Every structure is written in C-alpha cells, then in structure tokens.
Protein chains: 2
Amino acid sequence: MKDEPITAPTSGRSRPVTLATVARHAQVHVSTASRALSDDPAGVGADTVRRVRELAAVLGYRRDVGAAGLRTGSSRLIGVLVPRLTDLVLASIYESIDAAASAAGYGTVVANTLDDPDHRRTRLDAMLSRRIDGVIIGDSHIGDTAAHELRRRGVPYVLVMRKLEGHLSVTTDDHRGGHLAAEHLLALGHRRVGVIAGDQLASTGRERTLGFRRAFESAGYPLPDAYVVESAFSTPSGLEAGRQLMQLPEPPTAIFAVHDLLALGAMGAIRDAGKRVGDDVALVGYNDLDLAATLPVPLTSIRSDLQRMGTLSVDALLRGFKGETASSVLLQPELIVRATTPPLRS
Amino acid sequence: MKDEPITAPTSGRSRPVTLATVARHAQVHVSTASRALSDDPAGVGADTVRRVRELAAVLGYRRDVGAAGLRTGSSRLIGVLVPRLTDLVLASIYESIDAAASAAGYGTVVANTLDDPDHRRTRLDAMLSRRIDGVIIGDSHIGDTAAHELRRRGVPYVLVMRKLEGHLSVTTDDHRGGHLAAEHLLALGHRRVGVIAGDQLASTGRERTLGFRRAFESAGYPLPDAYVVESAFSTPSGLEAGRQLMQLPEPPTAIFAVHDLLALGAMGAIRDAGKRVGDDVALVGYNDLDLAATLPVPLTSIRSDLQRMGTLSVDALLRGFKGETASSVLLQPELIVRATTPPLRS
DNA sequence: ATGCGGAACGCAATCGTTTGCGCGAATGAC
DNA sequence: GTCATTCGCGCAAACGATTGCGTTCCGCAT
C-alpha cells in the first residue's frame, strides 16, 4: 500500500488531478471512483462513496466534461445563434437562456451571426465541431438554411423570438403586437402614421408591421408604402429611417417602431426635424426594454416577455433531448402606455 | 481492397463520420489521415494529402475538437466573465472578443456573474471543468479572488475594462476620463455638481469618480459626499440615483454619470423633477454608446474604444498562451460634446 | 554489392471518463 | 449446511483524436 501525500492543489503547476488521482488516494479502482462521484452512486458502498467524495473535494478534483462527453456522446453544451448581442433584446433572451441552461447543468456558447449567411455557416460549423447537443436559433431569417441543416443532421434545435414555417419555435404573437399598437394609435385619433419596419426577412419585423397595417386597413386608413420603411434593428438605423419619414411631404403624426432601439433612433430624427416627441409626433416602440420607462420622454411600448421566451426555449430543447416532442409556444404581448403617446390636442 | 460506398452525410441519422471513417475510405491509417488533415502535413505524400482532404470534404468530416483537446491538452476555448451582457458596454466588448477569438480559431464561452461572488465561483468552476485555455475577466471587483485563483492554478488570464492592482489588464484611463468630464463642466461654469458613481468596488466606477472629484477639488470646488451617490450600472439604478440628487435641498446644476445607461436613468429623474435635461441640468455620460448620439437630447459622453479593448485583450491572452509576456494596456478616453451640456445661460 | 539517408506511412500509447460484464464474498432462505 | 441472491468492486473496452517511434522501401553514393 503506497501512501501518496495529499498535495493541496494550491501547490502550483497546472492540473494533473484526474479521476485516477482520486481513485489512487481512495484506494479504489477508477471505475468505482467514477460511480461514487456520479449522481446516482449505485453499486458502491455508502462509506466508499463518502470517502471518495471527500477526497475529491480535498484534492480539488474537477471532472473533465470534455473527456466525459467523449465517452457519453453528450457535450452538455448548447449553442445559441443570435444576430448580435449588442441588440439588447437578444442579450436579454440570451441571459435567461444561459441562466436556465446553466441551472440544468448545461453550458452555452453563443455566436453573433450579424444576420449574415456566411457568418452563420461558419459559426454553426464551429459549434457542430464542438459536438453541441442542441441549438437555439435566435436569428432565423427567411431563406436561411441553418434550421434545415440541423434537422437533416438530426441535431435538436428550437427557434426563439423569430419563427419560421414548419419549425419548432418559442415566440411572441407579433402580429397581435402590431395590432395592439395600431389600435392604440387609432383610438388616440391618429390617421396618418408611419412604420419603422425592421428587417422584413425576420418574422418579427414582418409580422409586427403586417399586424399594424392590417389594423389600419380595417379601420379604413390603409398605409401608403412610402410610410413604411425597412431598417436594421439598431439605433442608428432607426435614426435613418425616422429621417426618411419626417422628410415626407406630409410627415406622419405618429410612428410605430418595431423595436425600442429603433424608436430611440426615431426620437433623434423627430428632434432633428424640430418637433417634439409625444406632443408633435407620437411614438410606439416594441419589447419594452428597461430603458423605455426612464427615457426623458418615457416610451410607449409593446411588452414581450423576453426572460420567459429564453427559459421556455431551453425547456423545449431539453425536452427534445429526452425524445419528448414539444410544440411551438406563442406568448401574448401587452401594450404599455407612456408619455410618447399622449391624447391628441385638438 | 474493400470498397465502401460513399454515403453523403445527407443520408440521415446522427454523425458517425469520424477520422477513422475518412482513413478507411482513403485506404490509409488513421494516423496518416490525422497528419494529412493537420495544418502542416509533414511526412505525408502530397497526393495522399490531397486524397484525404478531398474525401474528408465529401464525407462531411468535422474534427472533434473535444476529443482532440483531450489528447493535446488544449480546448481552444477561452472563457469570458462579465457582470451582465445586458450591459451594452460589456456586450460590445464581448462581441469584439468573440470575433477576435473566433478569427484566431478559438471559441468563447461567456458567463454573467451579476457581480455576485457566488455566481462567479460557480461559473468559473464550470469553465475550468471545460478545461478552458484562458480567461478574460471583465467583471473584476475589489476583494474578488477569481484572478488570484487563476494565477494559482496557472491558467492564463487578462482583465479587461476593470483593472486590479497587480494583474495584467487592458483598460481605458478612467481617472483621466473623469477628469475630462470635470474640466468640461468647469469650463461651462458649473460649480455645484453631482456624480452617479456606479459600483465603487469596480475600478471603473471608482476611478472615474475619483478623477472627477479631484479635478473639482483642484479647481477649488470640492464635492460634498451627499452629491456623490453610488449605484449599480443599469438604467433603473440611474433613475434611482438621479432622484436622490434632484431631491437635495440644492440640486446640482450638472450631473456626471459614470455610464451612459446611468445617464439615461438620470434623464428620467431630471424630467420627473420637472426640469429639462441640458438647459436646466447638464449631463455627462460615459462610454459613448451608439444610442447616446441619437437620444432626444443627444448625450455628451466620454468615449472609450470598446472594440479595441476587446481585441487587445484577446491579443494579450494569445500572447500569454505562447509564453510571451504582455504588459498592461491603458487606452485614452475622449470627450464628445453634445446637447446635454450647453453653455450656461447667465 | 553494401551501406546510408530520408520519405511515407503504420503501430500503439495516450488523454480522462463511463459502463457492461464478471467475480468473489457476504447475506439470506430453506 | 447448501444454494441462490445480492452487493461491492475491479477489468477492460470504448469515445475520437494526436504523436513519438519503428518499419519499409526507394534512391543514391561508395
């Protein structure tokens, strides 16, 4: 019986404390140590379990999930595709995804695809090389092949935020959200309105715009195409689009921006046009980010529960891992009225 | 010579196309295939290399970086610790970190630590379990042990954004940034000013505040402690702090917020107090986020080059991997004057 | 003819875990 | 006292890649 000294990991050099190290100290076979350390230590004596665990703790042992994954086939890693993390909306969703995944014992890797097909391919490839267990797609786009490819390869995936026909998704009812915004503006008496529509290849931009236009149409005030301008989903892009709207011969009396950051940009455009946000030009945003409430002129917005979407998408994916089949979730948005949509002065 | 049919990966089930598969098709030993596929295919015939690579492409082979890492000891993964990704500043930095790492063939895993020691420990542990090659710490905090622990374990790391005495870091000169803000306000004639100081345990909050106070002190107008209020780094927190300042018997004529999002919150507070941002109460933010320029009242801010910080931190880390020693970097901030700091009406 | 050197490639160990299987001992039933 | 279980544990084969070392074969000089 050779007795090895227990050197605290404090000692110094890298990390040669492997399962074998623990096993040796505990005087058991490495397989026994493995079992003792597993969640369900069946077939191992109670005292052995205790001893092994204790030793593992003292030695500072940490299971190498990579090596374990090699054996088990599961990397316990889920990949997340987003357009950009500097989009606060996606950052929020990702935060809750990461929290939920982490709680379930999974790690996450996220990639900015910049809504660009090449980036998407490259980054997805990198993920697959890491033997990702599943993917949450937050940047789906009409004509995008990522989801199809994953299906073909048999890799579980869920769409979040943006939906795509025929794929499992967790989203908010964007059509209805647009409708809510329209109803609100109609009720206030607005008739000539503009839309900053976002990316029309993303279901969010498309559906919110569509719902909005439909409502105005039904009310008898269809929007001319010039009053609907496409954009990216960033503040500068909102500024640009807002300018276009304000430069129309007859500028709108109200603007619906399909994203709060776009609304923020629109505020700048309205100011530049010499008008006041709210009193002169009403404004409705979307997503109700934290900052919407605290702006100099608090922003009316359509709230969607980002945290919830994140959590639910992880749930769905986890269910997918277990072979259960989940079905798409559609959350309901809510109108939050603030100062940017005051009653019309007559 | 047994001839196996080349089945396109399109076929269906999971992914059993391993290095061995490729080798078999190419009629070579797996070791030869490995070499042929490596960056520097030394000791392998030119035609063999071509054949193997071609076959690998056709079969849709993808090297399992996890398995490779097991053998080589490097996971080609770098971990990033941030307080939260919904903090736009950190999101920007992380974006550039991810881009730079990705370009260098590394993947990244990011973790929100919420500036909470427990979270930090847990998440760092998870990272170490993945045999991270190195860590970029974006949430360092006085009294935080993460950096020390990494040093002890011999894991390469770099601090970014926030510095800590005795550790390699890539930061902006926050003291000078605070100084710039102060000089600007002094020049405009402000004498009674307030500071929304952020977290004083983070070097950013501390140094920016310090630089600012020092400048006012030297000018002969030291700030009473009541005019300096601590906070988190979020918009709601800025609102709260701003309210405190505006409720002082003699509210300040100008506010320096050490983070643009705090400034955003402060705008809300100023409005709530019935005053106008800029004309009644001047405001200076920090970091010059995209949205600063497009706010209804464009925000004067201190710009720090976030992308650059991200890229440089990756550079430093990669240098660390190669054993080279890098030294800390201190970038220079810049004052960007906008509408929230107009000349004082006399 | 012999020897030498190098190119091209195969062999097998290795990284750290997990897990099906088998074996000995202890336990219980009769 | 015998036999069948059960329990606790060890053995060894995976997982997918990398790499030091050995082997074979060829060309060329001596």
Side-chain angles (χ1 to χ4, degrees), chain A residues 1 9 14-53 55-56 59-77 105 128-133, chain B residues 1 9 14-53 55-56 59-77 105 128-133:
Chain A
M1 158 159 71
S14 36
R15 223 176 55 77
V17 48
T18 140
L19 191 54
T21 320
V22 178
R24 207 175 325 122
H25 280 97
Q27 320 266 23
V28 297
H29 191 262
V30 36
S31 67
T32 306
S34 172
R35 281 187 258 259
L37 255 19
S38 84
D39 292 330
D40 168 39
V44 182
D47 44 350
T48 306
V49 170
R50 203 175 332 109
R51 189 158 36 99
V52 170
R53 295 201 166 168
L55 243 15
L59 293 168
Y61 167 73
R62 223 186 306 264
R63 158 202 278 120
D64 182 328
V65 298
L70 181 55
R71 173 66 227 259
T72 62
S74 154
S75 61
R76 294 198 82 78
L77 215 49
L128 290 172
S129 273
R130 299 222 177 250
R131 289 283 194 294
I132 295 291
D133 283 348
Chain B
M1 161 161 69
S14 35
R15 224 176 56 76
V17 47
T18 140
L19 190 55
T21 320
V22 178
R24 209 176 323 122
H25 280 96
Q27 319 266 23
V28 297
H29 192 263
V30 38
S31 66
T32 306
S34 172
R35 282 186 258 259
L37 256 18
S38 84
D39 293 330
D40 168 39
V44 182
D47 45 348
T48 306
V49 169
R50 202 175 332 109
R51 190 159 35 99
V52 170
R53 295 200 167 169
L55 243 14
L59 293 168
Y61 167 74
R62 223 186 305 265
R63 158 203 277 121
D64 182 328
V65 299
L70 180 55
R71 174 65 227 257
T72 63
S74 154
S75 60
R76 293 199 82 79
L77 214 48
L128 290 171
S129 274
R130 300 223 177 248
R131 289 284 193 293
I132 295 292
D133 283 348

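Order of the sequence lines sets the chain letters (A, B, ...), proteins ahead of strands, with each chain counted from 1. These figures come from a predicted structure and were not determined experimentally.
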Requested in this report: Examine the base of dG16(D) for any acceptor or donor lying under 3.5 Å from a partner atom in the side chain of R130(A), and report the outcome as yes or no.
Outcome: no

To the closest 0.5 Å, what do you measure between [atom1] ([X]) and [atom2] ([Y])?
X       : Y       : atom1 : atom2 : result
S74(B)  : R131(B) : OG    : CZ    : 12.0 Å
D133(A) : L77(A)  : CG    : CG    : 7.5 Å
H29(A)  : R35(A)  : NE2   : CZ    : 9.5 Å
D64(B)  : L19(B)  : CG    : CG    : 10.5 Å

In whole Å, what is the span from the [atom1] atom of [X] to the [atom2] atom of [N]?
X       : N       : atom1 : atom2 : answer
L37(B)  : dT19(D) : CG    : P     : 13 Å
L70(B)  : dT19(D) : CG    : P     : 12 Å
R51(B)  : dA8(C)  : CZ    : P     : 13 Å
R50(A)  : dG8(D)  : CZ    : C1'   : 15 Å
L19(A)  : dA12(D) : CG    : P     : 17 Å
H29(A)  : dT19(C) : NE2   : C1'   : 12 Å
L59(A)  : dG16(C) : CG    : P     : 15 Å
D133(A) : dC15(D) : CG    : P     : 18 Å

Does a side-chain N or O from [X] land closer than 4.0 Å to OP1 or OP2 of [N], or not?
X      : N       : value
T32(A) : dG10(D) : yes
R71(B) : dC15(D) : no
T48(A) : dC9(D)  : yes

Nearest to the side chain of [X] - [options]?
X       : options                   : answer
R35(A)  : dA17(D), dG16(C), dC11(D) : dC11(D)
S34(B)  : dG16(D), dT18(D), dT17(C) : dT18(D)
R131(B) : dC9(D), dT19(D), dG16(C)  : dG16(C)

Query raised in the report: Pick the nucleotide of DNA chain C nearest each of V49(B) and T72(A); which residue has the one closer to the 5' end?
Result: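 Whichever sits nearer the 5' end wins; that is V49(B).
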
Query raised in the report: DNA chain C: A68(B) or S31(B), which has the more 5' nearest nucleotide?
Result: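 Its nearest nucleotide lies further toward 5', so the answer is S31(B).
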
Requested in this report: Examine distances only and state if a side-chain atom of T48(A) and a backbone atom of V44(A) form a donor-acceptor pair shorter than 3.5 Å.
Outcome: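 Such a contact is absent between T48(A) side chain and V44(A) backbone.
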
Report task. Please work out if G43(B) contacts a base, only the sugar-phosphate, or nothing of the nucleic acid, heavy-atom cut-off 4.0 Å. Result ->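 Base, at least one base heavy atom under 4.0 Å.
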
Requested in this report: Looking at every strand, decide which applies to V65(A) at a 4.0 Å heavy-atom threshold: base, sugar-phosphate, or nothing.
Outcome: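 The answer is nothing, as V65(A) stays clear of every strand by at least 4.0 Å.
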
